[in-house]
Amino acid sequence: RSGEMAKSTQLIDNEVFRAYATYTTIVLLKMMLMSLVTAYFRITRKAFVNPEDVASFGKGENAKKYLRTDADVERVRRGHLNDLENIVPFVGIGLLYALSGPELSTALLHFRIFTGARILHTFAYLIPLPQPGRGLSWAVAYAVTISMAYKVLKTA
Amino acid sequence: RSGEMAKSTQLIDNEVFRAYATYTTIVLLKMMLMSLVTAYFRITRKAFVNPEDVASFGKGENAKKYLRTDADVERVRRGHLNDLENIVPFVGIGLLYALSGPELSTALLHFRIFTGARILHTFAYLIPLPQPGRGLSWAVAYAVTISMAYKVLKTA
Amino acid sequence: RSGEMAKSTQLIDNEVFRAYATYTTIVLLKMMLMSLVTAYFRITRKAFVNPEDVASFGKGENAKKYLRTDADVERVRRGHLNDLENIVPFVGIGLLYALSGPELSTALLHFRIFTGARILHTFAYLIPLPQPGRGLSWAVAYAVTISMAYKVLKTA
């Protein structure tokens, strides 16, 4: 039993891997938060997409008027999809990067800049900030992922 | 050579990791199934989006009438996107959780409840079941992922 | 310190895992490329979705006319979403497959066919090639993922 515990905690005992675990969990939780923000806007703006979601508002035309798109809801949904498009590569490439033996300080720099840039991106999208706020935060996180991918390909 | 095999099977020899491997594969296969369900509804409802997909139905207006949205197709696609939004965090956070040394029984509880809830969510979306069926199954899987994230952050 | 480095490079010293690292990084970079292709078409077709993105084109109606959908932009976005739907299962199931102790030659065959099929899929979608070009390349990559999932479930 203790042998198994040793095996299971081996990777997480590595400092770089532990940093990867922390920042990956943070960005994935941030991405999950977009679901709650979407739900919040759907409920406050009364803008739904599934007929069964508006059944409690009454029957027929009374309920149907809430089956509509809303600019704020669509904005959150675009932010959520952009998270998926950019956080999925970070999680995959970041894992391989963490296992490729980088210096802890270099790895932390990558993970922290990515995480900070994606949090900024969300604020830039939802407030919204004037461009190039959103564009720059997107580009910084993108560049960090490319940098990690380069290290993985060089090592593997 | 045998040294390498040992290394490669080391993680998968760990019981918690083996459970993670099984349930992650099941939920990812379930998510992949949504592609086949979408294809099924596109073909039976004759509702396509790419002009090249309807070329076999004839030329000009004859084919163009099949370039349309269909309520059932859109419903499956929403279920597929909801899978992506929720199964991606499970796969990423679940891996880190499995490596954080949880008790096997606790880990199994997390993996099984998540998997069950996401399968229920798909049925609730596609049948569709009246609310809060879909909402509850979504929330249960969401809470399980948050619980695993908490364990990862506490350990790392 | 050296003990930790040893641990961190242990997995990446395994030949199958190194192959997984290489091909996963390639397909994730390919998926990330779709963001740049989308940006290219949005800018050349002048088709944007966020009001703040067209603010530099002037005020009022002058800028609003660029808030529109464009067939080429939508095509790239569908290709990007299809990547997410298919590359996410590959990254997750592929990792577990790489750790399940497959023969190197068998693993390379899986990784290379998947990667080739997904690159073909992108060309088939963007050119676009007549069907069943896109359909076949999608199906081949899908079958490779199912084959890896079968091996994982048999081992775990």
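Within every chain, numbering begins at 1; the chains are lettered A, B, ... in the order of the sequence lines, protein sequences first and strands thereafter.
Contact record, A/Leu29 with B/Ala149: CD2-CB, 3.8 Å, taken as the closest heavy-atom pair.
Atom OG1 in A/Thr25 sits 9.5 Å away from atom CE in B/Met148 (nearest 0.5 Å). Put simply, CZ on A/Phe17 and CG on B/Leu96 are 5.5 Å apart, with the number rounded to the nearest 0.5 Å.
Of residues 109-132 of chain A, not one residue has a non-hydrogen atom less than 4.5 Å from any non-hydrogen atom of chain B. Within residues 64-86 of chain A, the residues approaching chain B closer than 4.5 Å by heavy atoms are, in numerical order, A/Arg77, A/His80, A/Leu81, A/Leu84.
When the candidates A/Val91, A/Thr24, A/Val49 are compared by the number of heavy-atom contacts under 4.5 Å with chain B, A/Val49 comes out ahead.
At least one donor-acceptor pair closer than 3.5 Å links the side chain of B/Tyr142 to the backbone N or O of A/Met32.
A/Thr22 places none of its side-chain heavy atoms less than 4.5 Å from the side chain of B/Val152. Put simply, the side chain of A/Leu28 reaches to within 4.5 Å of the side chain of B/Val88, judged on heavy atoms.
Of the two parts of A/Val27, neither the backbone nor the side chain holds a non-hydrogen atom closer than 4.5 Å to a non-hydrogen atom of chain B.
For B/Phe57, the CZ atom sits in a packed shell: over 12 heavy atoms of surrounding residues, nucleotides or ligands are nearer than 6.0 Å.
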